[in-house]
Amino acid sequence: MSAVSLGALIRAHPRVGAFLATFPVPRPDQIGLEAWLDGLGEETLADLGMTRSQILDHVRRLQQEDRQAGPEPVQALTILGGRDKLGRAEAVELTIRAGEIVCIVGPTGSGKSRLLADIECLAQGDTPTGRRILINAAPPPPGSRFAPERKLVAQLSQTMNFVVDLTVAEFVAMHASCRQVADADVVAERVIATANALTGETFAPTVSVTQLSGGQTRALMIADAALLSASPVVLIDEIENAGVDRSRALDLLVAEDKIVLISTHDPLLALRGGRRLVIRHGGIAEIITTSAAERANLLALERVDAGLMDIRERLRRGERIDEALEPWT
Amino acid sequence: MARPRLVTVAGSPSVGKTSVILRVLDLLAAEGQKVGVAKFDSLSTEDDKAYARRGIPVSVGLSGGLCPDHFFVTNIEACLEWGQRQGLDLLVSESAGLCNRCSPHIEGVLAVCVVDALAGIHTPKKIGPMLRLADLVVITKGDIVSQAEREVYAYNVRLANPRAPVVFCNGITGQGATEIAFHLRHADAIDGLEGRRLRFSMPSAVCPYCVGETAIGETHHRGNVKTMCFEDQR
Ligand SMILES: Nc1nc2c(ncn2[C@@H]2O[C@H](COP(=O)(O)OP(=O)(O)O)[C@@H](O)[C@H]2O)c(=O)[nH]1
Ligand SMILES: [Mg+2]
């Protein structure tokens, strides 16, 4: 380690550079890590809040992590039933494949969010429901439950907002650099363009993320989850913004081969999934496969939705809606 | 005498320590474990009431005019003895890290640091030994920030501490508490703390202000003082 200069070490391991950059002391590029630490002295190290050997261990671990891949590809996610709130067995073994959309329906308080939470933490019989989640037909490797960069599950919900004080372009670029994707700039541009395609109200890359409207915020979150998040499973909890083209958003996630679970009562979303899970008393009571008739009805509902979107757009432009409306279905 | 497992939980004020501890202890108590809390704070606390409402035995130490970190390390042994007298299976200490340079973690004692996703994505870079030397990092309030920010935040936590597992936990719903309970179940039982060491020295300052000086001026700058440098005076 000491033979390599700090400059070369940081070029080879950007994470090491990002960590050392948090120390407010000069860092010459030419000398080695150990020589640099030797030169700092006890007092400076005390100010930095780490001992020499702690820093060396830290750097070694960051180097190893650099070499580790992201999450393993997920071809299938399996839910093994536990028990419902009344203690009755939940007789379910459900396997969801990459590129599939499954919806979750049921009254408020019935346990939809609990199911999403079980999937999010890859429950192993250790949550109140006793459910177990298998990844590629086996229990998840222990590391994937606790290492955030190998986290299999991304989650989007109505309560989530952007809070960081950055512009859209700055923030997406920052996320891309954390993900260490090649061509971070190109990917960032693609995320923003995609988000704009999902929302009727387009936004500039220079606007602050906290100033986006509800619809713009959801659109950016979905585009980012599809194109930048490494997690192969995406959970969506009640996203019902009118400002987002929901079917396009789902197409986008599925095109990236994500496994998508959505808790929703929005007919356009609920009928778009291949299957939907009916939750009662905290358990999966029924699994409904979307029928051919339902799929035909979805097309009719999409025409209604397109009609409404069109009127919304015209109102936004200041137009009148005086003509007699055709029934859109 | 009972041999409680000991866990130190530290984090800035209001990050969600009490909320998370309550959710986790609920799970462990339901398994029949006898759990208790030693709560450290500086001026006052309401947390003891929250624990007592759940029937969790709690002892409170207020550091008042002393550095809370120094107060913690001089009293943690007595807290462990209290836990032994209470016949606890698990003793959790909750202490607020007030200056980000706090260093409350003890060698061989499971050390948890709680950080708050709402505090801003750069926060992990600003926290010293309390975060960097912890065995387990818990990120709270992920329910109100975007997935993208959670990922950037977790990345920065990872840079600050590549050793520790990182768990997202919602202090309100308890989502994620199962994972934390898993780690607490495997904490070491501790007979005594005599002779054990802190993982890193605590912030030090031995100067007149430590012992009550209130007057400002260079004549009072004696002992361990550090002065700022200014760009225009280099
Ligand atoms: N939204 C949200 N609020 C939380 C979460 N965890 C804690 N809180 C809230 O944050 C506030 C401070 O929590 P508390 O546990 O007292 O923090 P402590 O000072 O670190 O012990 C309380 O109002 C909690 O309800 C969380 O995960 N999500
Ligand atoms: Mg508290």
Side-chain angles (χ1 to χ4, degrees), chain A residues 15-16 18-19 21-22 46-51 54 57-62 64-65 113-114 116-117 120-121 123-124 126-128 143 145-149 151 154-157 159-166 171-172 174-175 177-179 191 209 217 220-221 224-225 228-231 234, chain B residues 27 30 100-103 117-122 124-133 136-137 139 142-170 173-179 181-183 199-201 203-204 226:
Chain A
R15 286 172 168 233
V16 173
F19 165 63
T22 61
D47 284 347
L48 298 184
M50 287 178 93
T51 65
Q54 284 164 349
D57 177 63
H58 204 101
V59 167
R60 189 179 50 77
R61 285 170 189 274
L62 289 175
Q64 283 170 352
E65 274 200 3
S113 297
R114 183 69 249 179
L116 293 179
E120 200 262 343
C121 75
Q124 292 304 309
D126 49 4
T127 64
R145 287 188 84 182
F146 303 125
E149 63 282 344
K151 214 166 164 41
Q155 206 171 6
L156 307 178
S157 91
T159 60
M160 290 169 189
N161 269 299
F162 289 113
V163 296
V164 65
D165 186 18
L166 290 174
F171 177 66
V172 178
M174 175 182 278
H175 190 199
S177 82
C178 292
R179 292 272 304 105
V191 170
V209 286
T217 299
L220 182 57
M221 284 183 183
D224 181 279
L228 255 183
S229 170
S231 303
V234 180
Chain B
L27 295 176
N100 283 356
R101 170 56 182 78
C102 301
S103 178
L118 204 52
I121 47 181
H122 295 301
K125 298 180 190 169
K126 301 181 197 163
I127 309 177
M130 178 164 73
L131 171 61
R132 294 186 198 146
L133 304 180
L136 174 67
V137 180
I139 305 177
D143 55 314
I144 32 191
V145 306
S146 62
Q147 170 73 22
E149 280 160 293
R150 283 197 298 280
E151 289 181 17
V152 175
Y153 195 90
Y155 172 85
N156 285 334
V157 165
R158 206 74 182 149
L159 284 183
N161 186 336
R163 296 165 59 237
V166 179
V167 174
F168 281 93
C169 182
N170 182 326
T173 63
Q175 181 172 344
T178 327
E179 278 126 286
F182 169 84
H183 290 276
R199 298 187 187 188
F200 195 79
S201 61
S204 64
K226 203 154 123 185

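Below, chain A is the first sequence line, B the second, and so on; all start at residue 1. Hydrogens, waters and symmetry mates are skipped; everything else that's a heavy atom, side chains included, is used.
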Asker: Where on B:E149 is there a heavy atom nearer than 4.5 Å to chain A: the side chain, the backbone, both, or neither?
Answerer: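 Both backbone and side chain.
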
Asker: May I ask you to check whether A:D224 and A:H175 show a side-chain donor-acceptor distance below 3.5 Å?
Answerer: yes

Asker: Between A:D126 and A:Q124 (side chain of the first, backbone of the second, donor and acceptor by atom type, cut-off under 3.5 Å), is there such a pair?
Answerer: yes

Asker: With a 4.5 angstrom heavy-atom cut-off, could you sort out which part of B:R101 is near chain A: side chain, backbone, both or neither?
Answerer: side chain

Asker: Just give me the residue among A:T22, A:N161, A:T159 that pairs up with chain B most often, heavy atom to heavy atom, under 4.5 Å.
Answerer: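 So the answer, after comparing A:T22, A:N161, A:T159, is A:N161.
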
Asker: Given heavy-atom pairs under 4.5 angstrom as the criterion, report whether the side chain, backbone, both or neither of B:A160 touches chain A.
Answerer: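 When you check distances to chain A, only backbone atoms of B:A160 fall under 4.5 Å.
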
Asker: So, taking the atom named CD1 in B:I139 and the one named OH in B:Y153, what distance separates them when rounded to the nearest 0.5 Å?
Answerer: 6.0 Å

Asker: What option among B:R163, B:K125, B:H122 has the most heavy-atom pairs under 4.5 Å with chain A?
Answerer: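 Most heavy-atom pairs within the cutoff with chain A belong to B:R163.
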
Asker: With rounding to the nearest 0.5 Å, note down the distance linking CE in A:M50 to CZ in B:R132.
Answerer: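 One finds 6.0 Å between CE of A:M50 and CZ of B:R132.
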
Asker: Measuring from B:I144:CD1 to B:N170:CG, what's the distance to the nearest 0.5 Å?
Answerer: 8.5 Å

Asker: In plain terms, say whether B:E151 and B:R158 are close enough for a salt bridge, that is, a side-chain N and a carboxylate O under 4.0 Å apart.
Answerer: no

Asker: Out of B:P129, B:S201, B:A148, B:G174, return the one with the most heavy atom pairs under 4.5 angstrom to chain A.
Answerer: B:A148

Asker: Is it the side chain or the backbone of A:M221 that comes within 4.5 Å of chain B heavy atoms, both, or neither?
Answerer: side chain

Asker: So, B:R199 side chain and B:S103 main chain: donor-acceptor pair closer than 3.5 Å or not?
Answerer: no

Asker: Using heavy-atom distances under 4.5 Å, tell me whether A:A225 contacts chain B through its side chain, its backbone, both, or neither.
Answerer: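 No part of it gets close to chain B.
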
Asker: Would you check if there is a donor-acceptor pair between the side chains of A:Q155 and B:Q147 at a distance under 3.5 Å?
Answerer: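 Not at all, the side chains of B:Q147 and A:Q155 share no donor-acceptor pair under 3.5 Å.
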
Asker: Contact part of B:I121 toward chain A, heavy-atom cut-off under 4.5 Å: side chain, backbone, both or neither?
Answerer: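 For B:I121, side-chain heavy atoms alone lie under 4.5 Å from chain A.
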
Asker: Which of the residues B:G120, B:G142, B:A177, B:S146 is involved in the greatest number of heavy-atom pairs with chain A at under 4.5 angstrom?
Answerer: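 Among the listed options, the one with the most contacts to chain A is B:S146.
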
Asker: Name the option with the most non-hydrogen atom pairs under 4.5 Å to chain A; the candidates are B:N161, B:L27, B:D143.
Answerer: B:D143

Asker: Can you tell me if A:Q54 uses its side chain to pair, donor with acceptor, with the backbone of A:T51 under 3.5 Å?
Answerer: yes

Asker: So for A:D165, is it side chain, backbone, both, or neither that comes closer than 4.5 Å to the heavy atoms of chain B?
Answerer: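 No part of A:D165 comes within 4.5 Å of chain B.
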
Asker: For the interface with chain B, which of A:A46, A:A18, A:S157 has the highest count of heavy-atom pairs at distances below 4.5 Å?
Answerer: A:A46

Asker: Non-hydrogen atoms of chain A under 4.5 Å away: do they reach the side chain of B:L133, the backbone, both or neither?
Answerer: side chain

Asker: With chain B as the partner, which of A:L156, A:L228, A:L220, A:D47 has the greatest number of non-hydrogen pairs under 4.5 Å?
Answerer: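 With the most close heavy-atom pairs to chain B, the winner is A:D47.
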
Asker: Over 60° means perpendicular and under 30° means parallel, so classify the ring planes of A:H58 and A:F19, tilted if in between.
Answerer: parallel

